[in-house]
Amino acid sequence: MAAQDKDPEAMVLAMARAMARADGNGETPAILREYLGDAPKVAIGFLEAITKAGWDAAELLQALRQTHG
């Protein structure tokens with residue numbers, strides 16, 4: 001993927017969607033707006049934690065898929 005294709009805001013939106021689904025709230029625009037404020041903080045905290053623990057994203061994704069399907 002070329003650098004210009006990488007969009008951090010798309011990832012923030014994906015995090016907001018995941019948070020909304022995890023809470024069982026759906027993904028309407030109004031609900032997503034509520035999650036968008038916290039989504040960057042959650043993403044940053046998560047990425048800092050996996051980095052500190054020595055994971056790379058692909059490795060963690062594979063491990064989570066194996067254990068949580």
Side-chain angles (χ1 to χ4, degrees):
M1 177 181 293
Q4 65 268 23
D5 295 333
K6 294 181 181 178
D7 180 2
E9 291 308 311
M11 295 297 95
V12 168
L13 180 57
M15 180 68 72
R17 286 184 168 140
M19 292 164 59
R21 282 192 308 268
D23 283 345
N25 289 325
E27 297 181 34
T28 67
I31 289 172
L32 289 177
R33 276 192 296 276
E34 292 185 26
Y35 287 91
L36 281 173
D38 288 333
K41 297 172 199 157
V42 172
I44 289 167
F46 174 73
L47 291 167
E48 288 175 344
I50 69 168
T51 300
K52 184 176 180 181
W55 290 95
D56 72 22
E59 179 185 30
L60 180 57
L61 178 60
Q62 181 179 4
L64 290 172
R65 283 183 172 157
Q66 289 174 351
T67 58
H68 298 283

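Heads up: numbering here begins at 1 and tracks the sequence. Quantities reported herein were computed from a predicted structural model and do not represent experimental measurements.
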So do Met11 and Met15 actually touch side chain to side chain, heavy atoms under 4.5 Å? no

Answer whether the closest heavy-atom distance between the side chains of Tyr35 and Asn25 falls below 4.5 Å. yes

Return the minimal non-hydrogen interatomic distance between Ile31 and Gly26, and the atom names on each side. CG2-O, 3.7 Å

Under 3.5 Å, which donor-acceptor pairs link side chains of residues 54-68 to any protein atom two or more places apart or in another chain?
residue : atom : partner : partner atom : Å
Asp56   : OD1  : Ala58   : N            : 3.3
Asp56   : OD1  : Glu59   : N            : 2.7
Thr67   : OG1  : Ala63   : O            : 3.1
Thr67   : OG1  : Leu64   : O            : 3.4

Roughly how far, to the nearest 0.5 Å, is the CD1 atom of Ile44 from the CG atom of Leu47? 8.0 Å

In terms of heavy-atom contacts, Ala39 and Ala16 come closest through CB-N, 3.8 Å

Do you know which two heavy atoms are closest between Leu32 and Glu27, and how far apart they sit? CD1-O, 3.6 Å

